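Count residues from 1 along the sequence. Start at 1 and go down the list; that is how both ligands and their atoms are numbered. Every value quoted in this text rests on a predicted model; they were computed, and no experiment measured them.
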Amino acid sequence: MWKGRFSQPTADLVQRYGESVSYDWRLYRQDIAGSTAHARAQLKAGLLTQAEFEAIANGLQEILADIEAGKFTWSQELEDVHMNIENELTNRIGAPGAKLHTARSRNDQVATDTRLYCRAEIDQILEKLRNLQRSLVMKAKQYADTMMPGYTHLQRAQPVTMGHHLLAYVEMLNRDAERLNDARKRLNVSPLGSGAIAGSTICLDRHSIAIELGFDSVTENSMDAIADRDYIMETLFAIAVIGAHLSRLSEDLILWCTAEFGFATLSDAHTTGSSLMPQKKNPDVAELTRGKTGRLYGNLNAVMVAVKGLPLTYNRDLQEDKEPLFDSIDTIKLALDVNAEMIAAMVVNEATALTAASDPMLLATDLADYLVRNGVPFRKAHELVGKAVAMSVSTGIPLNQLSDEQFKSISDAYKSDARDVFELTKAFSQRTNPGAPNSANTSRRIAYWEKILSK
Ligand code: ARG
């Protein structure tokens, strides 16, 4: 493509070092759409005859069909997806193919392709996010009022329900969807026409190209357009946060599946055995999800570091944006699919969860609230309950079974109705504020999500 200036061919090692077609071939759809729109603008500008335009457009469609049928041979010597397709087009249709690159550079071409690619992939990831949300809402509905301990510091804290716990993830995934939509909005701007760095003296109609490609507008600065990789970083960040959420969900599942917790059982289809220990049933999917999240963070980091020292505008370093991008996209799509399936098949062991939730210590704070209602300042109430807890620990009598005399020996603020606070159902129903784990809130939120997710 640059033979005019050079008298030696590119060294073999340099070809191997610099080629990107082995992975950027997957931009072919976007590359062909971009080239077709570019050719149409050339036609409008009088740079191509109708016949030449048709030869280009049809030639590109035939190449597209061949690629999809697995009949296209990618060549490493032609470096990347852009040169492979353009070269093949010229092989097939001759002279008009050689006109296609007028007023265009691979710099604005790759920026166009990767924006279109991110946009298409974001749409797919959004679908998969919704699907996982549907699984979680379905499980939350099934176990809406199943009581279980909630944890802070991984120590039993206060009772919650499985419905409330699972819906927490639905909220997180909703923010993830918002983040992706936000990134999508910002990236949907056409850089085509920015050329290598400074546009072109041959002026094509950038707006009509943008419209044909579904972009909302055109970039306003050719240098920014060529150098910008924000959209890759934003996409990678949004994916990394999904990873964070899936990883936390994984950790919860891993704990719940232990003999020590025993709150949930994953299906055989979503667990693996041990080659040595016949009794084992391992939550590998959750562990892999937790592990792969490290890679998602690494991919974001790789691109951020690659960009940080680059002078404007294009530098070849930018080719390094693609493998992390593709890897994160592939990884998160599979992670969302497998987690949706695994959650849908998960069984919650309600009796075990209820037994754990029935630990009266979980309602020690409710007992302090009871004293507050009897006029004791909260700090004092905290201390008075702390004394009751200490008495329970030292005597071995459960907190909810201390006698009237024992409570009264700590403070007169304890009346004979003090032990009523240990009724679990009542404890939930008293938490009437929005966002709290009570049955009405949970079913309201489930109905809300069912409506949103059915769209
Ligand atoms: N394969 C290149 C990339 O991914 C395309 C742009 C190449 N531009 C250049 N001037 N070498 O970044």
Side-chain angles (χ1 to χ4, degrees), residues 1-6 8-35 37-38 60 63 67 72 74-90 100-121 187 190-200 209 213 219 222-236 299-300 302-330:
M1 296 268 167
W2 44 76
K3 55 182 187 281
R5 162 79 172 75
F6 289 68
Q8 271 189 321
T10 313
D12 257 9
L13 274 171
V14 174
Q15 259 179 31
R16 273 171 56 201
Y17 196 55
E19 70 83 22
S20 56
V21 69
S22 56
Y23 49 87
D24 71 11
W25 64 269
R26 61 160 103 186
L27 299 172
Y28 68 90
R29 249 184 248 125
Q30 290 73 25
D31 200 68
I32 286 171
S35 289
H38 184 71
L60 287 171
I63 291 174
I67 296 172
F72 190 88
W74 299 99
S75 145
Q76 196 188 301
E77 291 96 273
L78 292 165
E79 212 176 277
D80 56 23
V81 60
H82 323 293
M83 295 211 286
N84 265 271
I85 291 177
E86 191 194 323
N87 189 70
E88 179 63 17
L89 179 70
T90 306
L100 178 61
H101 213 53
T102 312
R104 181 177 80 172
S105 153
R106 276 187 297 154
N107 294 354
D108 57 350
Q109 197 178 356
V110 74
T112 304
D113 292 4
T114 48
R115 279 175 190 257
L116 291 173
Y117 183 81
C118 284
R119 190 178 75 188
E121 292 295 332
L187 70 74
S190 176
L192 212 57
S194 302
I197 168 169
S200 172
I209 295 177
L213 295 174
T219 54
S222 65
M223 295 181 73
D224 175 45
I226 293 311
D228 178 18
R229 292 295 180 273
D230 293 4
Y231 57 99
I232 305 237
M233 294 188 281
E234 285 194 47
T235 303
L236 286 173
N299 289 337
L300 168 64
V303 175
M304 294 197 65
V305 174
V307 165
K308 77 178 264 295
L310 300 184
L312 297 189
T313 52
Y314 183 81
N315 300 269
R316 192 63 180 277
D317 316 43
L318 290 175
Q319 183 167 293
E320 291 294 311
D321 61 358
K322 281 169 212 66
E323 284 169 293
L325 177 68
F326 297 159
D327 181 58
S328 280
I329 287 171
D330 293 348

*Determine, stepwise, if the pair Thr114 / Arg229 fulfils side chain to side chain donor-acceptor pair (under 3.5 Å).*
CA-CA 9 Å; Thr114 48; Arg229 292 295 180 273; 5.4 Å; no
*Answer side chain, backbone, both or neither: which part of Lys322 comes under 4.0 Å from ligand 1, heavy atoms only.*
side chain
*Just need the protein heavy atom nearest to atom 5 (C) of ligand 1, so name the residue and atom and give the distance.*
Asp80 OD2, 3.5 Å
*Report yes if some N/O of His82 lies less than 3.5 Å from some N/O of ligand 1; otherwise report no.*
no
*Does the pair Asp113/Lys322 count as a salt bridge with the N-to-O cut at 4.0 Å?*
no
*Can you pull out the closest protein heavy atom to atom 12 (O) of ligand 1? Residue, atom name and distance to 0.1 Å, please.*
Tyr314 OH, 2.4 Å
_Keeping Asp321 on the side-chain end and Val303 on the backbone end, is there a donor-acceptor pair under 3.5 Å?_
no
_If you count heavy atoms of other groups shown closer than 6.0 angstrom to CE of Met83, is the number above 12?_
yes
*Identity and distance of the protein heavy atom lying nearest atom 10 (N) of ligand 1*: Asn107 OD1, 3.2 Å
*Is there a donor-acceptor pair closer than 3.5 Å between any side-chain N or O of Thr112 and the backbone N or O of Pro191?*
no
_Nearest-neighbour protein heavy atom for atom 11 (N) of ligand 1, which is reported as residue plus atom name and distance_ = Arg106 NH2, 3.6 Å
_Salt bridge or not between Glu86 and Arg106? Use side-chain N to carboxylate O under 4.0 Å._
no
*Can you find a non-hydrogen atom of Glu79 under 4.0 Å from ligand 1?*
no
_Quick check on contacts: which atoms of ligand 1 are under 4.0 angstrom from a heavy atom of Ser20?_
1 (N)
